[in-house]
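We're numbering straight along the sequence, starting at 1. In what follows, every heavy atom counts, from backbone to side chain, and hydrogens, waters and symmetry copies are set aside. These figures come from a predicted structure and were not determined experimentally. In each ligand, atom 1 is the first atom listed, and ligand 1 is the first ligand listed.
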Amino acid sequence: MSALSGKVQTVLGLVDPGQLGRTMTHEHLTMTFECCYFPPAPGDKGVAEAPIEMKNLFWLKQNPYSSHENLLLCQEMEAVREELLAYRRAGGGTIVENTTTGISRDINTLRRLAKETGVHIVAGAGYYVDVTHSDETRKMTVEKLTDIIVSEVLHGADGTDIKCGVIGEIGTSWPITESETKVLRATAHAQTQLGCPVIIHPGRNAAAPGAVVRILQEAGGDIGKTVMSHLDRTIFDHGELLEFAKLGSYLEYDLFGTELLNYPYNLEVDMPSDCQRVKDLAFLVAEGYEDNIVIAHDVHTKNRLTKYGRHGYSHILNNIVPKMLTRGISRNQVDKILIENPKRWLTFK
Ligand SMILES: CCC(=O)NCCS(=O)(=O)O
């Protein structure tokens, strides 16, 4: 039994799980996403490089990763602070902030936002995808990586005494790289020591979530305390989804609010609409997985904020929950998805 046992660790310290309330399990409040810049089509260079303005918002919605400016969420802290206050007014209690090493985690800012808004913020330990790994990270042994992750949870991250309460989002590509495999093994070892929640960013292939789970399992990870993110852009076939669900992780639909025609990182993918996401949730609930589902928006670019006319952090509470209730998901099941499942996942063993 550690001091963390039975508690949730936020950037302001330990809290009782009952205090969390409605929880978005996958958001970013401050980060940079330049690692995933996607060059615009030759004819779009002008709009891509122009300052963001009203007349370009539809282009930006379809091409969010082709504008350098859009990738700097870290420049929008006043807008994010306002959004968090709105999130509280909408009935939100907690946000899991999944920014890890490689995409500019700023844990001091997370603490300030938590203090100023009253929203519980849980910060993430560990590393994002391979393209963001430094040479130093690549050279590290699994043991060294484990020590760093454990220290971010027990002692604080980025030279501060502010502690992470979850490992992840741990980034993986497809195929999973050697460096990512080491980080996954370190994640499992750290989870064994700490009894803590883990959250994974899988590569963009239907086989990716299962492959990650196998690596974690072989390294002793606790799959029942692990969230598999981004399923809404990763597994489309319901048969394959049920095969994956049997492995026992939490199943996360976290791109609510994202509707775009061409998903640049995998043109094979037809990004679902929010209505289709709700249908997938209803399907999983009908198949008996109501205790495994968690949801979020994964805000990670500027244009997803309400300041830019989009959904922000309260869209699920304001718009998706009413839709879920009309599509066969009961109030009790909604409460499991928004309150009980995140609470169970985030509580240290
Ligand atoms: C850092 C945010 C993130 O990884 N979001 C997932 C984007 S995508 O893989 O679904 O395009």
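No option in E27, H311, H315 other than E27 meets the side-chain hydrogen bond (donor to acceptor under 3.5 Å, both in side chains) test with H297.
Although no hydrogens or angles enter the test, the distance criterion places a donor-acceptor pair under 3.5 Å between the side chain of S5 and the main chain of K349.
Residue contacts with ligand 1, taken as heavy atom pairs separated by less than 4.0 Å, do not involve T99 at all.
Against a heavy-atom cut-off of under 4.0 Å, R204 is close to the following atoms of ligand 1: 8 (S), 9 (O), 11 (O). Of all atoms in ligand 1, listed by their number and element, those nearer than 4.0 Å to a heavy atom of F33 are 1 (C). Counting atoms of ligand 1 from 1 in the listed order, those under 4.0 Å from a heavy atom of M31 are 1 (C). Numbered from 1 in the order shown, with element, the atoms of ligand 1 that lie under 4.0 Å from a heavy atom of L255 read 10 (O). Near H201, meaning under 4.0 Å from any of its heavy atoms, are these atoms of ligand 1: 4 (O), 6 (C), 9 (O).
Of all protein heavy atoms, the one closest to atom 4 (O) of ligand 1 is Y128 OH, 2.5 Å. Taking atom 10 (O) of ligand 1 as the reference point, the nearest protein heavy-atom neighbour is R233 NE, 3.0 Å.
Remark: D291 engages K336 in a salt bridge, criterion side-chain N to carboxylate O under 4.0 Å. Contact check on D298 versus R304 returns no salt bridge, with no Lys/Arg side-chain nitrogen under 4.0 Å from an Asp/Glu carboxylate oxygen.
Considering backbone and side-chain atoms together, Y263 places an N or O closer than 3.5 Å to an N or O of ligand 1. Taking distance alone, with nitrogen or oxygen atoms compared against 3.5 Å, Y265 stays at or beyond that limit from ligand 1.
Taking all atoms of both residues into account, the shortest heavy-atom contact from S179 to H133 is OG-ND1, 2.8 Å. Residues N70 and P64 come closest through the heavy atom pair ND2-O, 2.9 Å.
In this structure, of L260, D298, T301, the residue bringing a heavy atom nearest to atom 5 (N) of ligand 1 is D298.
For the residue pair K302/Q75, the side-chain donor-acceptor check at 3.5 Å is satisfied.
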Let's go through H300 and Y65 carefully: what are the C-alpha distance in whole Å and the side-chain angles of both, what is the deciding distance for ring pair (Phe, Tyr, Trp, His ring centres under 6.0 Å) to 0.1 Å, and is it a yes or a no? CA-CA 10 Å; H300 56 280; Y65 307 119; 5.8 Å; yes
